[in-house]
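A short worksheet on the structure shown next.
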Protein chains: 2
Amino acid sequence: MDRISKLTATAEQLFDRHGYMATGIDRLTEAAGMSSRTLYKHAGSKAALMARVLTERDRRFMARLDVQTVDALFAALEDWVRVEGCRGCLFLRSRAETGGDTPEIADAVAAHKDAFHRRIAEVVAKDLGQDDPALAEQMLILFEGATHAAVYRGQQAVAAARAVAAILLESARG
Amino acid sequence: MDRISKLTATAEQLFDRHGYMATGIDRLTEAAGMSSRTLYKHAGSKAALMARVLTERDRRFMARLDVQTVDALFAALEDWVRVEGCRGCLFLRSRAETGGDTPEIADAVAAHKDAFHRRIAEVVAKDLGQDDPALAEQMLILFEGATHAAVYRGQQAVAAARAVAAILLESARG
DNA sequence: ACCAATGTAAAACGATTGCTTTACTTTACA
DNA sequence: TGTAAAGTAAAGCAATCGTTTTACATTGGT
C-alpha cells in the first residue's frame, strides 16, 4: 500500500469518526505515520485531502451498488452498515461541516449524489422493466432514510426500509 | 427579546449554516451583538451553548409535530423545510461533528431523537387506531429520508415521502 | 444618592490551527 | 559508486481557537 493510499484511508477513518473540522493535521500525520511535509506534498491541503477521501469513498460505495435489483440495493446497504458502521452520510456531513463553502468538497459531494441518484434510477428501471423517476425518488428517500435512521435506530432501520422498498416495487408492478 | 434568547437564536443560525466547529466565538459575539464576557456568563461554554440551541430547536420542532395524522406529520415537515430551509438534521450533524464525544451535545441529541421516535409512534397509533411499531419505524425512516434527501433533491423529496406514507398507512388499514 | 447587577471593549491567556522550511537520512537505479 | 528522488524529524510561521481577565460604563431599584 503506497503512502497516498495509506493517508487517504487513515483520513477517511478519522474524518468519519471524529468529524472533518475536529480532526487536526497532527492527528492525521500521527495516525498515517508520516510527516506533515509528506502529507502536504501528496494531499496539497486539508480540503483537497477530504475531496480525495470522498472520491475514493464514492468509488468504493458505488461499486457495492453495482446490482440488478432494488432489493439488492438495500442488501448492499445492510452490508455497508455492517462493515463500515453507521455514522450518517459522510458526503452530506462534510458539506454541512464546511457550510458548502469549500469548492473542492462541495463539488465532490455534488458529483457523488448525482451519480448515486442516477444509479438508483437505473436499478429501478432495470428491476421494473421501465423508467419510473417517481419510484426512483422514493427509493432514494428510503435509502437516505435508512442511512440516517440507522445512526440511532441501528441495523433494523435498513431492514425496515428494505421491506418498504419491496412493497413499493410490488405496487408499481401490479 | 432578552440576551440569552437572542444569543441562542443567533447561534442556531450560524451553527446550522456554517457548522458548529467552523463557527468561532468571535463570529457569534459579533452576530449576537454582545461581548464574549456576556456570552460566557450566559452560555457557560461553546458546547453548552450548542446544547441550549438543540434543546430550543427540539421545542420548536416538536411543537410543529403536535398533530393527529401521519399526513399532517409530513405536511409539517414541508412547512419546516419551507421556513427553515434544508441543511439536514442539525441534531445528527452536531453529534457527528463532535464524534459523540461532547456529553452535553450527545445527550441533547439522544433526548431529541427519543422524543421524535415516540411522537411518530403516537401519531401512527392515533391515525391507525392501534399501535404499530413496525409501521412507526417505517414512517421514521421516511421522515429522516425526506429531511436528508431534501438537501440535494429539494422540496419534492418531502412530497415524495408523504406519498409513500399515505400508501403504507392505507396498506396497513386494509 | 447609592449600590449591586449587568453590560461593554479590549487585551491577553495558552493551546492549536493549517502550512512551510531547514537540515538530514534513506532508497533505488544507472 | 554516485546521484537524484523521496522520505524523515523538528522547528517555526502567522493566524486563530475557546476562554478568561482587566478596567470601565450603564443601568434600575431602594
Side-chain angles (χ1 to χ4, degrees), chain A residues 1-54 93-108, chain B residues 1-54 93-108:
Chain A
M1 199 179 204
D2 60 352
R3 310 190 77 81
I4 181 64
S5 304
K6 173 78 179 304
L7 172 59
T8 306
T10 303
E12 181 176 359
Q13 262 203 53
L14 291 178
F15 287 156
D16 185 43
R17 216 165 286 263
H18 305 291
Y20 168 68
M21 284 295 196
T23 304
I25 295 291
D26 289 1
R27 210 170 183 179
L28 249 2
T29 56
E30 193 187 3
M34 67 182 56
S35 68
S36 62
R37 169 117 199 230
T38 304
L39 183 149
Y40 276 99
K41 177 168 280 189
H42 282 107
S45 70
K46 193 190 184 188
L49 175 57
M50 182 42 131
R52 185 185 292 272
V53 163
L54 293 178
R93 283 168 50 202
S94 58
R95 200 182 66 166
E97 274 209 60
T98 54
D101 298 328
T102 309
E104 305 162 277
I105 294 177
D107 291 351
Chain B
M1 199 180 204
D2 62 351
R3 310 191 76 82
I4 180 65
S5 304
K6 173 77 181 304
L7 172 60
T8 307
T10 303
E12 180 175 359
Q13 262 202 53
L14 291 179
F15 288 155
D16 185 42
R17 217 164 285 263
H18 305 289
Y20 168 68
M21 284 294 195
T23 303
I25 295 291
D26 289 1
R27 210 170 184 179
L28 249 2
T29 56
E30 193 186 1
M34 67 182 56
S35 68
S36 63
R37 169 120 198 226
T38 303
L39 184 150
Y40 276 97
K41 176 168 280 188
H42 284 104
S45 69
K46 195 191 184 188
L49 176 57
M50 182 42 131
R52 185 185 292 271
V53 163
L54 293 178
R93 283 167 49 201
S94 59
R95 201 183 65 167
E97 275 207 61
T98 54
D101 298 326
T102 309
E104 305 162 278
I105 295 177
D107 291 351

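Within every chain, numbering begins at 1; the chains are lettered A, B, ... in the order of the sequence lines, protein sequences first and strands thereafter. Any value given below was found using the heavy atoms of this structure, including those in side chains, with hydrogens, waters and symmetry copies removed.
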Could you check whether any side-chain N or O of [X] sits under 3.5 Å from a backbone N or O of [Y], counting only pairs where one atom can act as donor and the other as acceptor?
{"X": "A:Glu97", "Y": "A:Met21", "result": "yes"}
{"X": "B:Arg93", "Y": "B:Asp16", "result": "yes"}
{"X": "B:Thr38", "Y": "B:Met34", "result": "no"}
{"X": "B:Ser45", "Y": "B:Ala48", "result": "yes"}
{"X": "B:Lys46", "Y": "B:Tyr20", "result": "yes"}

[N] [atom2] sits how many Å from [X] [atom1], rounded?
{"X": "B:Asp2", "N": "C:dG7", "atom1": "CG", "atom2": "C1'", "answer": "14 Å"}
{"X": "B:Leu28", "N": "D:dG18", "atom1": "CG", "atom2": "P", "answer": "9 Å"}
{"X": "B:Leu39", "N": "C:dA10", "atom1": "CG", "atom2": "P", "answer": "17 Å"}
{"X": "A:Tyr20", "N": "C:dT17", "atom1": "OH", "atom2": "P", "answer": "13 Å"}
{"X": "B:Glu30", "N": "D:dT16", "atom1": "CD", "atom2": "P", "answer": "13 Å"}
{"X": "A:Leu7", "N": "D:dG7", "atom1": "CG", "atom2": "P", "answer": "11 Å"}
{"X": "A:Met21", "N": "C:dT17", "atom1": "CE", "atom2": "P", "answer": "13 Å"}
{"X": "A:Glu104", "N": "C:dG18", "atom1": "CD", "atom2": "C1'", "answer": "14 Å"}

ask   = So what does A:Thr29 touch, heavy atoms closer than 4.0 Å: a base, only the sugar-phosphate, or nothing?
value = nothing
Can you tell me whether the side chain of [X] and the base of [N] have a donor-acceptor pair closer than 3.5 Å?
{"X": "B:Ser36", "N": "D:dT20", "value": "yes"}
{"X": "B:Ser45", "N": "D:dT19", "value": "no"}
{"X": "B:Arg37", "N": "D:dT22", "value": "yes"}

Selection from [options] that lies nearest to any side-chain heavy atom of [X]:
{"X": "B:Met34", "options": "D:dT8, C:dT8, C:dG7", "value": "C:dT8"}
{"X": "A:Ile25", "options": "D:dG18, C:dG18, C:dT8", "value": "C:dG18"}
{"X": "A:Ser35", "options": "D:dA9, D:dG7, C:dT8", "value": "D:dA9"}
{"X": "A:Asp26", "options": "C:dT8, D:dG7, C:dT17", "value": "C:dT17"}
{"X": "A:Arg3", "options": "D:dG7, C:dG7, D:dG18", "value": "D:dG7"}
{"X": "A:Lys46", "options": "C:dG18, D:dG7, C:dT8", "value": "C:dG18"}
{"X": "B:Tyr40", "options": "D:dT19, C:dT8, D:dG7", "value": "D:dT19"}

query = Can you find a pair of side-chain heavy atoms, one from B:Arg3 and one from B:Leu7, that are under 4.5 Å apart?
reply =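 B:Arg3 does not reach B:Leu7 side chain to side chain.
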ask   = A:Gly33 or B:Gly24: which one's nearest nucleotide on DNA chain D is closer to the 5' end?
value =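 The residue whose closest nucleotide sits nearer the 5' end is A:Gly33.
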N or O in side chain of B:His42 less than 4.0 angstrom from C:dG7 OP1/OP2 = yes
